[in-house]
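Report on the following structure.
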Amino acid sequence: MRIARQISQLFFLLLFIFLFLQARFPYDALLPSDLFLRSSPLVALTTFLSSRTLAAKLAIGLAILLLTLPFGRFFCGWICPLGTTLDAAGRLFFRNRRERATHIVRTYRTWKYALLIFIVIAALFSVQLAWFFDPLVLLSRFATVVFYPVFVLFSQGLFDAAFKIEFMQDQVYALYDWAQKWLLPIAQPVVTNGLAILVIFITILALGLVSRRFWCRSLCPLGALLGLCSKYRLLQRKVDSSCTSCGLCQRRCRMAAIGENGLSTNPAECIECGQCVAECPTHSISYGLGLKRRREGKDVDLSRRRILMAGVAGLSFALFLRIPRAHAHGKVIRPPGAINEETFLQKCIRCQACTRICASTGGCLQPSMSETDLQGLWSPIVIARMGYCEYNCTLCGQVCPTGAIQELMLARKQQLKIGRALFDKDVCIPWREHKDCLVCEEHCPLPQKAIRFDVQTVRTGSGETRTVKLPYVVAELCIGCGICETKCPLPGRPGISVTAEGNERVKFVS
């Protein structure tokens, strides 16, 4: 059972990596790259509660929740890629740690239930918070914002060094061609605001110093949700009469789910990892179907006081976030296909799947920071100075797991206005220096060109007379793709910028 579980963990971790890497242009995936994000029951539940709508893409998460009722927390032990990452980190870095006392660990594990209540209460008041705590979202966001850009930079450096080895150039170029097809993007991805995401992920790994899988035991709200559904499961850990109560299984249990005598099991904590079966010296432990179970104390030891405190905290935080701020959300540019702002924030889980796939085309999407208030933290916005929205691309809507960004037909997307370009006459070269510059007009992808020129004769400061092509924007045509701002040759402040003026949102379709 342990070997089967390890094979399953490795398979699903490699599948997560494979799906992550195939989120690129051209996108012709056999399996959707957001498959793991769709499979989170916590995301499915909170998205439904916060937006009051059902997203068909999240049906797989509800299916896993239903399978948890008879089979327990199999997802945590056999599938979850973050759990596998924590197991690997524990073996590599924390092998010699000293496990804390069992009663202390069991005190910590009530935190995840309080956190789950906090998130659910906030969702009932239309505030989505699962994006900050869901393990699948955490791993996807870290991979997109931190790990993959660093991996690409490091890999490109190795290839650049290998290209200088003359007798191996043919082999290196062949390997490089393969890497560009499957691993490396055309250009180095650059994603902002990665420091906080890196610190959070390192903290989750470092909690392994406290105990094995501390995140899974004590903090993961998805684990808490699955644990609540596992209380009366059919798949049970069984101990026969040959047990000597040596306590080895209890000491080796990575979830502290086994009682001190080795006979009792907390079904809400057991993840079917099979460690106790493999470690038992008398082979007294097995798993099988059954309704009877022994237990000591409560499966979920959560006092009414803590439930009330978590509920009040969730309500208070939700009300705080919904207080109108001076800088309204409408001033940021959302991806093409984004639904109305309020519902968008209720459905967006900040997984950065759209940011990841956008980096393979125009690269305009970035996780927000100071551009929005706290409720919009890390939600995707267009930063045109860093990249543009590719005219022939609809990928962000295809990989959004919750429907916050709707999938659009290309013809519709090419007409959708996400913003409007405006010239800064104090900076733009033709307006300020009275010299011709055609870069923005040349890059405008619209067949009719939203940037045009007004040919005028002007007098310079030195008294010289010149004929200059002064650019202007045709507001009715501009869709706000931002390529003009991206390609503006001026360093620093561009001569043309895209604003959220005139942006259009699409209607949500579940």
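Note that the structure is predicted; figures quoted are calculated from it, not measured. Because only heavy atoms are used, hydrogens play no part in the values below, and waters and symmetry mates are left out as well, while side chains stay in.
For F12, there are no ring-ring contact (aromatic ring centres under 6.0 Å, His included) partners two or more places apart in sequence or in a different chain. Among residues two or more places apart in sequence or in another chain, the side chain to side chain donor-acceptor pair (under 3.5 Å) test is passed with S33 by Y27. Residues forming a ring-ring contact (aromatic ring centres under 6.0 Å, His included) with F75 (at least two apart in sequence, or on another chain): none. By the salt bridge (Lys or Arg N to Asp or Glu O under 4.0 Å) test, E342 is found to be paired with R322, residues two or more places apart in sequence or in another chain being considered.
Partner of F36 under the side-chain contact (heavy atoms from CB on, under 4.5 Å) criterion, chosen from L139, I79, L82: I79. Checked options V199, L198, I200; the residue passing with I202 is L198 (criterion: side-chain contact (heavy atoms from CB on, under 4.5 Å)).
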Practice prompt. Carefully, step by step, assess V458 and T465 under the rule side-chain contact (heavy atoms from CB on, under 4.5 Å).
Written response: CA-CA 6 Å; V458 298; T465 301; over 6 Å; no
Fill in: Working for side-chain contact (heavy atoms from CB on, under 4.5 Å), residues Q406 and C400
CA-CA 8 Å; Q406 294 282 280; C400 180; over 6 Å; no
Discussion item. I'd like to know whether K469 forms a salt bridge (Lys or Arg N to Asp or Glu O under 4.0 Å) with D454, so could you lay out the CA-CA distance, the side-chain angles of the two residues, the decisive distance to 0.1 Å, and finally the verdict.
Written reply: CA-CA 6 Å; K469 295 180 177 179; D454 182 14; over 6 Å; no
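The NZ atom of K449 sits 5.5 Å away from the SG atom of C444 when rounded to the nearest 0.5 Å. For the atom pair CG of L175 and CD of Q180, the computed distance is 11.0 Å after rounding to the nearest 0.5 Å. Taken from SG in C216 to CG in L86, the straight-line distance is 5.0 Å, to the nearest 0.5 Å. Taken to the nearest 0.5 Å, the CG atom of L65 stands 10.0 Å off from the CG atom of L228. Summarising the geometry, atom CD1 belonging to I451 is positioned 7.5 Å from atom CD belonging to E441; distances are rounded to the nearest 0.5 Å. Here OG1 of T46 is found 9.5 Å from CG of L116. Values are rounded to the nearest 0.5 Å.
A side-chain donor from one of T47 and Q128 sits under 3.5 Å from a side-chain acceptor of the other. There is no side-chain donor-acceptor pair under 3.5 Å between D34 and Q398. For the residue pair Q169/Y173, the side-chain donor-acceptor check at 3.5 Å is not satisfied. No hydrogens or angles considered: a donor-acceptor pair under 3.5 Å links the side chains of Q9 and D87.
Both cation-pi conditions hold for R356 and Y148: the charged atom is under 6.0 angstrom from the six-membered ring centre and inside a 45 degree cone around its axis.
The two residues G61 and P41 make their nearest non-hydrogen contact at O-CG, 3.3 Å. Summarising the geometry of P32 relative to Q22, their closest heavy-atom pair is C-NE2, 4.1 Å, with the distance given to 0.1 Å. Taking all atoms of both residues into account, the shortest heavy-atom contact from F214 to L207 is CB-O, 3.3 Å.
Look at R505 and E341 and you find a salt bridge, because one of the NZ, NE, NH1 or NH2 atoms lies within 4.0 Å of a carboxylate O, short of that distance. Looking at E371 and K331, no side-chain N of the basic residue comes within less than 4.0 Å of a carboxylate O on the acidic one, giving no salt bridge. In this structure, K417 does not pair ionically with E504, as no charged nitrogen and carboxylate oxygen lie closer than 4.0 Å.
Within 6.0 Å of the CG atom in L30, the count of heavy atoms belonging to other residues, nucleotides or ligands does not exceed 12. The local environment of NZ in K425 is sparse, with at most 12 non-hydrogen atoms from other residues, nucleotides or ligands closer than 6.0 Å. The number of heavy-atom neighbours closer than 6.0 Å to CZ of F147, taken from other residues, nucleotides and ligands shown, is 12 or below. Heavy atoms from other residues, nucleotides or ligands lying under 6.0 Å from CD of E464 number more than 12. Annotation for I186: atom CD1 does not count as buried by contact number, only 12 or fewer foreign heavy atoms lying within 6.0 Å.
The list of side-chain hydrogen bond (donor to acceptor under 3.5 Å, both in side chains) pairs with a residue in residues 473-494, not counting sequence neighbours, reads D424-R493. Within the structure, side-chain hydrogen bond (donor to acceptor under 3.5 Å, both in side chains) contacts touching residues 129-139 (residues at least two apart or in different chains) are S40-D134.
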